[in-house]
Amino acid sequence: MKKVDAVIVGFGWTGAIMAKELTEAGLNVVALERGAMRDTNPDGIYPQVVDELTYSIRKKLYQDLSRSTVTIRHTTADTALPYRQLGAFLPGDGVGGAGLHWSGVHFRVDPVELRLRSHYEERYGKRFIPADMTIQDFGVSYEELEPYYDFAEKVFGTSGQAWSVDGKVVGAGKGGNPLAPDRSNPFPLESQKNTYSAQLFEKAAREMGYHPYNMPSANTSGPYTNPYGAQMGPCNFCGYCSGYVCYMYSKASPNVNILPALRQVPNFELRTHAHVLKVNLTADRKMATGVTYVDAQGREVIQPADIVIVGAFQFHNVHLMLLSGIGKPYDPKTGEGVIGKNFAYQNMATVKAFFDKDQHTNPFIGAGGNGVAIDDFNADQFDHGPLGFVGGSPMWVNQAGNRPIGAMAVPPGTPAWGSAWKQAASDYFTHQVSMDAHGAHQSYRQNYLDLDPNYRDAFGQPLLRMTFDWQENDIKMTRFMAAKLEEIARKMGPKAVSVAVKNFGDHFDAASYQTTHLNGGVIMGTDPKSSALNRYLQSWDVPNVFVPGASAFPQGLGYNPTGTVAALTYWSARAIREKYLKNPGAMVQA
């Protein structure tokens with residue numbers, strides 16, 4: 001194909017942001033999306049989209065695992081097997097990627113988590129961090145990222161309540177979070193209304209001395225027009241949010257918030273059904289020359305480009321870097337290498353409270369990002385010293401909408417089938433509250449990604465292999481968080497409480513859904529010996545390759561990753577525009 005200034009692999013949030021920024025800089029940009037074209041029309045048309053069987057059960061918007069997947073094992077002593085049925089995590093497919101089916105929870109970051117190793121060593125000493133834990137600093141500060149968080153929220157149309165703006169408290173008594181860092185501007189929209197379940201959680205948490213606040217939500221509380229001219233309508237709490245295309249144009253997505261603006265410019269092209277096989281390199285492997293992909297007709301196509309943006313889902317980014325031979329693959333035995341290193345996931349504990357028939361919580365009502373949370377046990381807002389674990393968890397009631405097939409939660413002791421189960425499902429369908437402790441998962445020497453020696457995808461390439469299991473730190477932390485969350489649940493005065501902890505000492509279970517918040521593998525940092533990317537998400541080895549996304553996180557966060565993914569992508573794009581284009585080459589010296 002004709003050479004372009006930049007080619008982008010993947011068209012989710014990172015791809016869309018990069019495309020908008022680089023076309024604004026005057027570059028000719030081609031974006032390659034492996035899946036189909038998706039948009040509100042026709043994929044989100046009402047009433048067809050309100051279909052739990054198609055979207056939640058048959059998983060219409062997710063990756064086709066029969067063509068490409070990952071293999072999974074717990075340790076290097078095990079044989080990895082293919083992930084053949086979507087369970088623990090749900091990577092998206094098609095234009096918008098996971099940004100089309102996500103819930104809309106739109107956090108920033110606790111500043112501590114951007115310099116996690118330094119902070120823990122300063123406060124608790126180097127010996128506090130387990131020897132096998134490979135956490136490290138991001139290499140960029142909250143203060144540097146704050147303007148990019150601010151702009152991303154304006155693009156997303158995020159609803160929320162600031163606690164302080166430019167050092168002035170504005171959120172006391174209004175649902176602001178007193179434990180949040182300072183902001184340069186208020187949220188674009190005021191907080192969404194709180195469901196009754198969130199109000200119950202808020203009352204119980206406040207009575208226990210905690211600091212409940214309204215969650216920041218990329219579901220609009222009112223009509224909104226973003227800086228690109230894209231328009232959004234107010235969320236109607238339909239309950240079909242997570243895993244669905246929003247028919248109200250109320251949930252932020254690349255399709256709603258960025259693509260309409262990109263369609264207006266002549267220097268942008270989006271190609272679908274373009275499965276990228278590798279990043280092409282010069283003979284000395286020091287520069288990228290473009291990418292090779294397979295199109296819808298099965299033809300191999302070479303797309304030359306001066307800049308390559310690898311902006312797909314977390315493990316697709318890792319896979320492509322390994323297939324392309326960019327950066328040294330990680331070896332857990334020696335600890336050397338950087339590609340595949342520091343793979344991290346998510347610790348989760350879920351508590352459900354069941355109430356009498358006169359207390360209607362109506363969980364079928366919902367918005368994906370809406371809810372009430374506390375940060376009293378997030379990041380390092382509490383003393384970890386006596387507890388002996390690293391990491392924290394925000395806790396919340398995030399009522400996204402219970403649907404008829406998947407929402408039949410019943411109290412402990414209920415039979416798993418039969419008339420008694422049916423009666424309990426009927427009794428409690430509208431009389432329950434679900435709440436989560438959303439734990440920050442740490443990175444370890446033994447958890448990593450590499451190429452599988454045995455299995456190949458539909459294109460004849462080795463599958464990505466995931467070596468992953470829960471470690472002692474994860475189990476300690478999640479048990480602690482589950483106990484704290486259960487105390488809040490019991491404070492609500494329910495008839496019964498159930499506690500589900502996905503890593504309570506058992507091995508990682510690939511069949512049970514948790515989140516799709518996968519992190520690491522192509523991590524950023526300050527040293528090329530321990531990171532694949534510099535602070536601008538630029539490859540240390542091939543300086544015209546940039547890799548935005550959660551694959552750049554050195555470890556997991558307590559908060560959902562999308563807000564930080566967006567801010568880091570804007571930060572990287574601005575560095576390309578203001579530094580790289582003026583002087584192509586490494587922006588940070590190794």
Side-chain angles (χ1 to χ4, degrees), residues 105-125 128-130 133-138 141-142 163 177-181 201 205 208-213 215-216 342 344-351 371-398 435-444 447 470-489 499 501-504 514-515 517-520 550 553-564:
V105 177
H106 191 188
F107 280 105
R108 293 192 171 191
V109 70
D110 188 296
V112 159
E113 292 193 301
L114 293 176
R115 55 184 308 273
L116 195 64
R117 177 167 285 274
S118 294
H119 174 85
Y120 269 87
E121 289 180 351
E122 290 163 5
R123 182 172 180 182
Y124 302 108
F128 188 80
I129 301 172
M133 188 178 286
T134 53
I135 60 174
Q136 63 186 53
D137 298 352
F138 277 65
S141 69
Y142 173 80
W163 177 259
N177 178 12
L179 303 179
F201 181 84
M208 296 178 70
Y210 300 139
H211 303 85
Y213 63 91
M215 290 173 64
N342 280 35
Y345 188 26
Q346 183 89 66
N347 293 351
M348 285 283 287
T350 298
V351 175
V372 169
I374 62 169
D375 272 357
D376 297 78
F377 300 102
N378 189 27
D380 199 31
Q381 300 289 357
F382 59 106
D383 185 3
H384 285 75
L387 302 172
F389 61 78
V390 173
S393 298
M395 300 178 185
W396 57 53
V397 166
N398 167 220
M435 59 209 83
D436 297 308
H438 200 268
H441 187 255
Q442 308 310 313
S443 49
Y444 304 89
N447 288 346
W470 306 122
Q471 307 301 323
E472 183 181 357
N473 185 87
D474 310 327
I475 297 163
K476 278 185 182 179
M477 187 188 79
T478 309
R479 285 176 173 170
F480 174 85
M481 299 300 171
K484 294 296 182 184
L485 190 58
E486 183 179 0
E487 290 174 2
I488 299 175
V499 180
V501 185
K502 301 237 191 302
N503 47 353
F504 225 157
Q514 211 162 284
T515 71
H517 304 159
L518 283 70
N519 312 278
F553 292 11
Q555 56 273 332
L557 307 178
Y559 291 143
N560 299 45
T562 306
T564 297

(message) How long is the straight-line distance from OH of Tyr142 back to CZ of Arg108, given to the nearest 0.5 Å?
(response) 4.0 Å

(message) Between Thr515 and Tyr345, is there a side-chain heavy-atom distance shorter than 4.5 Å?
(response) yes

(message) I need the minimum non-hydrogen distance between Ala437 and Leu485, along with the two atoms involved.
(response) N-CD2, 3.5 Å

(message) Which residue is it: Glu113, His119, Arg117? I am looking for the one with a side chain to side chain contact (heavy atoms under 4.5 Å, CB included) to Asp137.
(response) Arg117

(message) Minimum heavy-atom separation for Gln381 and Leu179, please, with both atom names.
(response) NE2-O, 3.5 Å

(request) Mind checking the CD1-CD1 spacing from Ile135 to Ile129? Nearest 0.5 Å is all I need. (result) 4.0 Å

(request) Under the ring pair (Phe, Tyr, Trp, His ring centres under 6.0 Å) rule, collect the residues that match up with Tyr444, sequence neighbours excluded. (result) His441

(message) Using every non-hydrogen atom in the two residues, find where Asp474 and Gln442 come nearest and quote the distance to one decimal.
(response) OD1-N, 4.5 Å

(request) Measure the spacing between NE2 of His517 and NE2 of His438 and express it to the nearest 0.5 Å. (result) 5.0 Å

(message) Nearest 0.5 angstrom please: Trp470 CH2 to Met477 CE, how far?
(response) 9.0 Å

(message) If the condition is side chain to side chain donor-acceptor pair (under 3.5 Å), which residues does Thr562 pass it with, not counting sequence neighbours?
(response) none

(message) Quick one, Ile374 and Phe201 - any side-chain contact, counting heavy atoms below 4.5 Å?
(response) yes

(request) Over all heavy atoms of both residues, which pair between Ser141 and Leu114 is shortest? Give the atoms and the distance, please. (result) C-CD1, 3.7 Å

(message) Keeping Tyr559 on the side-chain end and Ala440 on the backbone end, is there a donor-acceptor pair under 3.5 Å?
(response) no

(message) Within the structure provided, determine whether Thr564 and Phe553 are in side-chain contact (heavy-atom separation under 4.5 Å).
(response) yes

(message) How long is the straight-line distance from CD of Gln555 back to CG of Leu116, given to the nearest 0.5 Å?
(response) 5.0 Å

(request) Ignoring hydrogens and angles, state whether a donor on the side chain of Gln136 or Asn342 is under 3.5 Å from an acceptor on the partner side chain. (result) no

(request) Test Ile488 against Met208 for side chain to side chain contact (heavy atoms under 4.5 Å, CB included), laying out the working first. (result) CA-CA 8 Å; Ile488 299 175; Met208 296 178 70; 3.8 Å; yes

(message) Give me the atom names and distance for the closest heavy-atom approach of Val390 to Pro130.
(response) CG2-CD, 4.2 Å

(request) For the pair Asn347 (side chain) and Thr478 (backbone), establish whether a donor and an acceptor sit closer than 3.5 Å, ignoring hydrogens and angles. (result) no

(message) Between Glu122 and Arg115, does the side chain to side chain contact (heavy atoms under 4.5 Å, CB included) criterion hold? Intermediate values first, please.
(response) CA-CA 11 Å; Glu122 290 163 5; Arg115 55 184 308 273; 2.8 Å; yes

(message) Just to verify, what does Asn519 make a side chain to side chain donor-acceptor pair (under 3.5 Å) with, not counting sequence neighbours?
(response) none

(request) Could I get the full list of side chain to side chain donor-acceptor pair (under 3.5 Å) partners for Glu472, not counting sequence neighbours? (result) none

Show which side-chain atoms of residues 382-389 pair as donor or acceptor with protein atoms under 3.5 Å away, not counting sequence neighbours.
unit_1, atom_1, unit_2, atom_2, d
Asp383, OD1, Gly385, N, 2.9
His384, ND1, Asp380, OD1, 2.6
His384, ND1, Phe382, O, 3.3
His384, NE2, Tyr120, OH, 3.3
His384, NE2, Gly391, O, 2.6

(message) Taking side chain to side chain donor-acceptor pair (under 3.5 Å) as the definition, give me every residue that meets it alongside Asn177, ordered by chain and number, with sequence neighbours left out.
(response) Asp375

(request) Ignoring hydrogens and angles, tell me if any N or O in the side chain of Gln346 forms a donor-acceptor pair with the backbone of Gly439 under 3.5 Å. (result) yes

(message) To the nearest 0.5 Å, what is the distance between CE on Met481 and CG on Asn378?
(response) 8.0 Å

(request) Under the side chain to side chain contact (heavy atoms under 4.5 Å, CB included) rule, what do Phe377 and Phe480 come out as? Steps first, then yes or no, please. (result) CA-CA 10 Å; Phe377 300 102; Phe480 174 85; 3.8 Å; yes

(request) Check whether any side-chain heavy atom of Met435 lies under 4.5 Å from a side-chain heavy atom of Val397, and answer yes or no. (result) yes

(message) Using only atom types and a distance under 3.5 Å, with no angle test, would you say the side chain of Ser443 pairs donor to acceptor with the backbone of Pro554?
(response) yes

